[in-house]
Every structure is written in structure tokens, then in C-alpha cells.
Amino acid sequence: MSFAIHSTAIEPAALRAAVLDPAAGGFCSFEGWVRNHHKGRAVERLEYEAYAPLAEKEGRRILDEARERFDILHAACIHRVGPIQIGGLAVVVAVSAVHRDPAFGACRYIIDEVKSRVPIWKKEHFTDGTSGWVRCDHCAGE
Amino acid sequence: MTALILAGGRSQRMGRDKLTIERPDGTRQLDHLVALARSVAAEVLVSTNDPSIAPAGTTALPDRTPSAGPLAALEAFHAAHPGEPVLLLGGDLFLVDQPTLQHLVDSHDTSRPATAFRNRIDRRAEPLCTIYEPAALARVAAAIAADQRCARRFLESLEPALLELPVPAALDNANTPAELDEVFAKLRHGAVPKTVEVLYFAKLREARGSDEEEVETLACTAAGLYEELRFRHRLPLAIDALRCARNGDFCEWTTPLEAGDEIVFIPPVAGG
């Protein structure tokens with residue numbers, strides 16, 4: 001397992017298992033959760049979609065970059081698509097390393113790059129019945 | 001016939017004056033348009049408030065009303081040449097050619113207020129490669145006074161005679177650097193129809209009402225394809241907000257398209 005797009009619930013234990021290594025002295029993970037508010041507005045649920053072939057390709061590049069930049073042993077990431085209710089897991093990153101510093105650094109690098117580069121989109125459905133695509137609804141050309 | 005070339009625009013989205021852009025063959029856009037216009041018109045005027053830019057043998061025609069765009073040029077022409085028709089030419093027409101102008105001049109219907117071409121995509125009248133008869137020009141000042149600034153709506157109000165373009169891409173214009181890459185690619189390689197597969201995601205999918213379509217296009221580049229589709233389907237995102245992908249990986253907007261390509265326009269991403 002390296003980078004994958006799933007349409008079903010993410011199992012964090014599976015990611016943890018995927019980076020286990022007898023040489024590892026540290027494990028770091030990040031979970032992105034669906035929260036019930038955004039910029040002061042009450043959110044009912046989120047809906048994600050991805051251009052899966054390119055998302056997985058770009059995600060694997062990000063994991064490769066993390067292995068080059070940080071002294072880590074293993075890294076994995078799963079992003080979910082489809083509707084996700086409040087409290088659900090949208091994304092999980094898992095990293096193992098000999099020491100904790102590169103594990104933290106790589107984990108942070110991976111989630112930041114995934115959010116900014118991987119073709120995944122997020123639609124917020126608010127409790128007032130409105131909805132909008134995050135980062136798209138105020139783009140030039142509107 | 002007198003031709004009037006629009007050279008007074010601010011070219012804001014292009015970031016530089018469109019009329020001074022050097023074409024692939026090395027000629028300046030304004031000189032190219034003047035030479036084309038001369039092939040069908042005895043006199044060539046250049047609509048500008050800066051007489052120094054009018055090439056030799058042409059006459060500068062300053063606007064009478066500031067910031068009124070192409071209609072101000074028509075107004076100034078009518079004041080200077082009452083009773084005469086004019087062939088109006090946009091400065092951003094990098095693909096207009098002699099056969100297109102010849103067809104317009106040969107086919108123009110003096111019994112109608114104007115003769116124009118249909119846009120190849122939305123079939124509406126194109127206002128900036130058009131012959132306006134004196135009857136139309138007499139209505140320009142009133143339109144400007146009524147705060148009319150849109151040349152296309154003015155032209156449509158005239159109920160012009162409409163012609164099919166003999167060269168379909170001839171009126172594809174260029175207002176941005178990406179559109180300039182596209183028209184230059186068409187100049188170099190020709191505007192050859194090809195069929196590609198387009199996938200839509202997120203906001204674009206909803207705006208298009210479909211996640212996939214087969215598209216026949218004259219575009220040479222990914223940017224040209226997006227502009228065609230944006231125009232055809234009124235897509236809500238400007239090209240500079242997007243990235244593009246070809247056959248499963250990111251590509252540059254200037255990437256040449258080939259028949260059978262799978263193209264994806266990528267709205268701003270928001271994973272996590």
C-alpha cells in the first residue's frame with residue numbers, strides 16, 4: 001500500500017500495519033476528520049470526488065518525495081471519496097521512521113502536498129441546505 | 001469600401017498591446033491587418049487616439065466618446081464619413097484571412113443594416129468582422145447615449161444579414177496569452193478538426209451536466225479546447241484557475257492535442 005483512493009471507510013489500523021517495521025522507532029499519523037462547521041457555517045456533511053488515476057499517480061509521487069526528503073522507512077496515505085458524515089475520516093497518512101523527527105516532518109509534508117496538488121475536490125453541504133465546492137466558488141470567471 | 005481596424009483597446013488580459021504582437025511569420029499584427037484590409041478596401045483607417053501608431057498609408061481615427069469600445073469607433077467613422085459603409089475589423093483577429101474578407105465584401109447585402117458572420121460555435125453574429133451600412137452607423141450615437149457598450153448586442157439589434165464562415169476558425173480571437181498560443185498554433189499547423197474525450201469533475205461536471213463527452217474541436221492546444229468548451233457550455237471557471245491533464249497526467253496548456261486524447265480540466269483541488 002502506498003497511496004490509494006477509497007470509496008469506503010478508511011481503516012487506520014490497516015495503514016499503521018502497512019508501515020510497521022522492526023527497524024522503526026517511531027510512527028506518526030495524521031487523520032483528516034469531517035467537522036461540523038466551516039468559516040462559521042454549520043456543515044452537515046462533505047462529499048469528495050477525485051480523478052482517481054491521476055490522484056493516485058500524484059499521491060505516489062508525493063510519497064516518493066517524502067522518502068527522499070526525510071529519513072523515513074515507510075509512508076502510506078489513503079483518501080476517501082464520496083459522501084462522508086460528520087466525524088468521518090476523509091484522509092489518513094501514516095509514516096514510520098527510525099527516529100521521531102523525520103516521521104513528524106514527512107507526515108506534515110505529505111498531508112500538505114496532498115491538499116494542494118492531488119486532484120481531489122470537496123463539496124460542503126451546509127445545514128441550511130446550500131452547498132459549494134471548496135476553493136472553487138470564488139474563482140476568477142465567476 | 002473603407003476598412004476600419006480597431007487599435008484602441010487596452011489589451012489588459014493580454015498584458016501587452018495586441019496590435020504590436022509579432023506573428024509567426026515575423027509581421028506585426030497591425031501591419032498584417034492593414035495589408036489584409038487593403039486587399040478588399042480602397043482606404044484603411046485605424047481606430048486609435050494615438051495617431052503615431054497608424055502605419056504609413058493609413059489614417060488614424062480618434063474616438064469622439066471615451067471608453068465606448070468598438071461603438072465609439074463606428075461613431076467616429078460615421079461623423080467623418082457620413083453616408084459611407086465601413087468594414088470593421090477587430091485588432092485581436094489573428095486568424096482572419098483574405099478569403100474571409102473577400103467573402104464578406106462579395107456577399108454583403110446593402111439592403112440590410114449590416115452583414116456579419118455567424119460565430120462557429122454559438123452561431124450568433126460576430127460584430128468585429130462586419131460591414132456596417134450607413135443606416136446602421138446612423139444608430140450608433142443613440143446606442144452610445146443609451147449606454148450601450150456591447151458591440152454584439154448592438155449588431156444583433158440591427159438584424160444583420162448573416163453569413164457562414166468559409167474558413168471556420170477565421171474569427172477565433174486572442175485576448176490572453178493562452179489564447180495567443182492557440183491562434184499561433186492554428187497559424188502554424190492549421191485548424192484541423194479532431195475528436196477528443198473530455199472528463200469533467202466537481203464544479204465543472206455540475207456546470208456541464210455530464211462527467212464525460214466526446215468533443216469534436218478545431219483547437220490545437222489544451223487551452224484552445226478549454227476556451228471552446230467554456231464558450232460552448234458557459235463553464236463557470238476561468239482558465240487561469242485551472243490545471244489540465246492529458247492522457248492521465250498533468251500537462252501544459254500549450255500541449256498540442258492529438259485525436260483520441262483524454263483531456264481533464266482540473267478545478268482548484270481541495271483534498272484533506
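Letters A, B, ... mirror the listed sequences (proteins, then strands); counts begin at 1.
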### Query
Between A:Arg80, A:Arg61, A:Arg117, which residue shows the highest count of heavy-atom pairs closer than 4.5 Å to chain B?
A:Arg61
### Query
Any side-chain heavy atom of B:Pro236 sitting closer than 4.5 Å to one from B:Leu204?
yes
### Query
Do B:Arg153 and B:Gln148 come close enough that some side-chain heavy atom pair is under 4.5 Å?
yes
### Message
Given heavy-atom pairs under 4.5 angstrom as the criterion, report whether the side chain, backbone, both or neither of A:Val134 touches chain B.
### Response
both
### Message
Name the residue from A:Ile110, A:Ile62, A:Val114, A:Asp64 that meets the side-chain contact (heavy atoms from CB on, under 4.5 Å) definition with A:Phe3.
### Response
A:Val114
#### Entry: Within-4.5 Å side-chain heavy-atom neighbours: B:Glu228 and B:Arg120
yes
### Message
Is A:Lys123 in contact with chain B via its backbone, its side chain, both, or neither, using a 4.5 Å heavy-atom distance?
### Response
side chain
### Proximal component of A:Lys57, with respect to chain B [non-hydrogen, under 4.5 Å]
side chain
#### Entry: Side chains of A:Gln85 and A:Val34 in contact at under 4.5 Å (non-hydrogen atoms)
no
### Query
Does the side chain of A:Thr130 come under 3.5 Å of the side chain of A:Asp128 through a donor N or O and an acceptor N or O?
yes
### Query
What part of B:Leu199 lies closer than 4.5 angstrom to a heavy atom of chain A: side chain, backbone, both or neither?
side chain
### Query
For A:Tyr48, is it the side chain, the backbone, both or neither that has a heavy atom under 4.5 Å from a heavy atom of chain B?
side chain
### Task
Give me the contact list for residues 255-264 of chain B versus chain A, heavy atoms only, anything under 4.5 Å, ordered by residue number.
B:Glu262, B:Val264
### Summary
ring-ring contact (aromatic ring centres under 6.0 Å, His included) test vs B:Phe265 passes for just one of B:Phe201, B:Tyr200, B:Phe250, B:Tyr226, namely B:Tyr226
### Summary
If one checks every heavy atom of A:Ala55 against chain B at 4.5 Å, the contacting part turns out to be neither
### Query
Among B:Arg232, B:Arg230, B:Arg152, which residue meets the salt bridge (charged side-chain N to carboxylate O under 4.0 Å, His left out) test with B:Asp122?
B:Arg152
### Query
Would you say B:Leu30 and B:Thr20 make side-chain contact, with heavy atoms under 4.5 Å?
no
#### Entry: Side chain / backbone / both / neither for A:Pro119 at chain B, heavy atoms under 4.5 Å
both
### Task
Mind running side-chain contact (heavy atoms from CB on, under 4.5 Å) on B:Thr254 and B:Glu252 for me, showing each step along the way?
CA-CA 5 Å; B:Thr254 51; B:Glu252 299 295 324; 3.8 Å; yes
